[in-house]
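Note that ligands are numbered from 1 as they come in the structure, with each ligand's atoms numbered from 1 the same way.
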Amino acid sequence: MISCSAPGKLYVAGEYAVTEPGHGAVLVAIDRYVTVRAGASDDGLTTVESTLSGANTLRCNGIDDLLRTPAPFAYVQSALGMAARVRIALGGAPPPCRLSITSDLADGRGTKLGLGSSGAVTVAMINVLNSVYRLGLNRAQRYRLAMLATMAVDPHASGGDVAAATWGGWLHYQAPDRTQVQRVLATRGVAGSLDAPWSGFAVRTLPAPTRLRLQVGWTGTPASSAALLTRFRARDRAGAGSRTFLAESNACVRRLAAAITQDHDAAIAHEIRIARNLLCALDRTAGIGIRTEALELLWRTAESLGIPAKSSGAGGGDCGIALVPTGTARLASQLRKRWAHSGIRTLPLLIHQTEGAA
Ligand SMILES: Nc1ncnc2c1ncn2[C@@H]1O[C@H](COP(=O)(O)OP(=O)(O)OP(=O)(O)O)[C@@H](O)[C@H]1O
Ligand SMILES: C[C@@](O)(CCOP(=O)(O)O)CC(=O)O
């Protein structure tokens, strides 16, 4: 039995702008995981089981049964297909196997929390198949294969969740230009795309701030990131407002990454507030639906205690983050209480650090 886990993620800054090539985001990987276990197949078929929607276990017959795959298996199916293509390019057919998936990135009833389950399931699948199919891929190649699988399902996603699930910890991430990557894929195939230049892509791990601790609040309302992203993409992209947002978000993310590298608390707090204000201004002009009452209450409550906070990810619900000074247990507990009073649930999450370089 082979087992691989991949962590979920939270956006710290750079949401939306990171979907445009050359624009960055800061993300963190969190200590909640999707785990994929692989065992021998009893019947010569590749099968997948997942407790995707709470208690309901779904089953599909992997790559041998493309047409009958239930829609929720889109990322799983895509990862299987991409890994199989690399196996075939290396010579030899992918061996059948029995895969089972468990996740703690949803709440007990299977409700989405916005912690990047699609990225985590795709990376965990690629990691397990890297062993089962003996692909011999290093970390950067596994990210690329997971990114190709993600792009096949959602061509507009930045893959920030895929990068966080692959590298762990705190990250400064820039998405590849997906149009250029599609051209590489069309000319070189999947295996050939794993080492070819991907324009725009950059990833850099950052040291964790030593005097600030991430506190995560959940609004209780799941949001569809894809629907919000569609509204962002429908905005006037040539307009001055859009250009300003992209440039200012990118500059904020660069300064934030530098402040994190220098462990400079005040500068980190300042950039978190700038990132929040940029998203609020974008929402006011483009009407995306990022702001909700609960998210505004979440960050305003934190700010009333002097704690920098913002929505995390696409907004519209899901989670927000606050950076609480360490060594002030009273402040953290005050924030938890005030959030609880406002209907915001504190999620007890820690940062996931990946060991080793490869
Ligand atoms: N345990 C799982 N087994 C199989 N597929 C999963 C599993 N968990 C998530 N997925 C896939 O990921 C999709 C959810 O992606 P979605 O982007 O809506 O949520 P998320 O990634 O958790 O949240 P967010 O994008 O806000 O961070 C599911 O529809 C399914 O295709
Ligand atoms: C809006 C966006 O920048 C972030 C989405 O974040 P989340 O999946 O809602 O946590 C989209 C993306 O990066 O693909």
| note | ligand 2 atoms nearer than 4.0 angstrom to some heavy atom of Gly313 are 6 (O), 7 (P), 9 (O), 10 (O)
| said: Regarding Lys112 and Asp318, does a basic nitrogen lie under 4.0 Å from an acidic carboxylate oxygen? | reply: yes
| query | Quick one: do Glu248 and Arg254 make a salt bridge, cutoff under 4.0 Å? | reply | no
| field | Salt bridge present between Glu303 and Arg276 (N-O < 4.0 angstrom) | value | yes
| task | For ligand 1, list the protein residues that place a heavy atom within a distance below 4.0 Å of one of its atoms, sorted by chain and number. | result | Lys9, Ser50, Leu52, Pro72, Tyr75, Val76, Ile101, Ser103, Lys112, Gly114, Leu115, Gly116, Ser117, Ser118, Val121, Ser225, Asp318
| query | Is it the case that more than 12 heavy atoms not belonging to Gln262 sit under 6.0 Å from its CD atom? | reply | yes
| With a 4.0 Å cut-off, would you call Arg98 and Glu49 a salt bridge? | no
| query | Is it the side chain (CB and beyond), the backbone, both or neither of Ser225 that lies under 4.0 Å from ligand 2, heavy atoms counted? | reply | side chain
| said: Looking only at distances, can you tell me whether any N or O atom of Tyr11, backbone or side chain, sits closer than 3.5 Å to an N or O atom of ligand 2? | reply: yes
| message | What protein heavy atom lies closest to atom 11 (C) of ligand 2? Include the residue and the distance to one decimal. | response | Thr19 CG2, 3.7 Å
| said: Val18 versus ligand 2: do any nitrogen or oxygen atoms come within less than 3.5 Å of each other? | reply: no
| request: May I ask you to identify the nearest protein heavy atom to atom 14 (O) of ligand 2, giving residue, atom name and distance to one decimal place in Å? | output: Ser158 N, 2.8 Å
| Is it true that Arg211 and Asp265 make a salt bridge, defined as a side-chain N closer than 4.0 Å to a carboxylate O? | yes
| said: Would His156 count as a polar contact of ligand 2, with the cut-off being nitrogen or oxygen pairs under 3.5 Å? | reply: no
| Looking at the rings of Tyr33 and His352, which for Trp means the six-membered one, are their centres under 6.0 Å apart? | yes
| task | Please determine, by modelled atom types, if Ser304 and Arg338 share a side-chain donor-acceptor pair under 3.5 angstrom. | result | yes
| task | Identify, by atom number and element, the atoms of ligand 2 in contact range of Tyr16, meaning under 4.0 Å from any of its heavy atoms. | result | 1 (C), 2 (C), 3 (O)
| task | Assess the pair Trp167 and Tyr173: is the distance between their ring centroids shorter than 6.0 Å? | result | no
| Using the benzene-type ring in the case of Trp, are the ring centres of Tyr143 and Phe201 under 6.0 Å apart? | yes
| query | Does Lys9, backbone or side chain, put an N or O under 3.5 Å from an N or O of ligand 2? | reply | yes
| said: If we ignore hydrogens and angles and just use 3.5 Å, is the side chain of Gln180 paired with the main-chain N or O of Pro197 as donor and acceptor? | reply: yes
| Quick one: does Glu15 get an N or O within less than 3.5 Å of an N or O on ligand 2? | no
| query | What protein heavy atom sits nearest atom 5 (C) of ligand 2, and how far off is it? | reply | Ala314 N, 3.6 Å
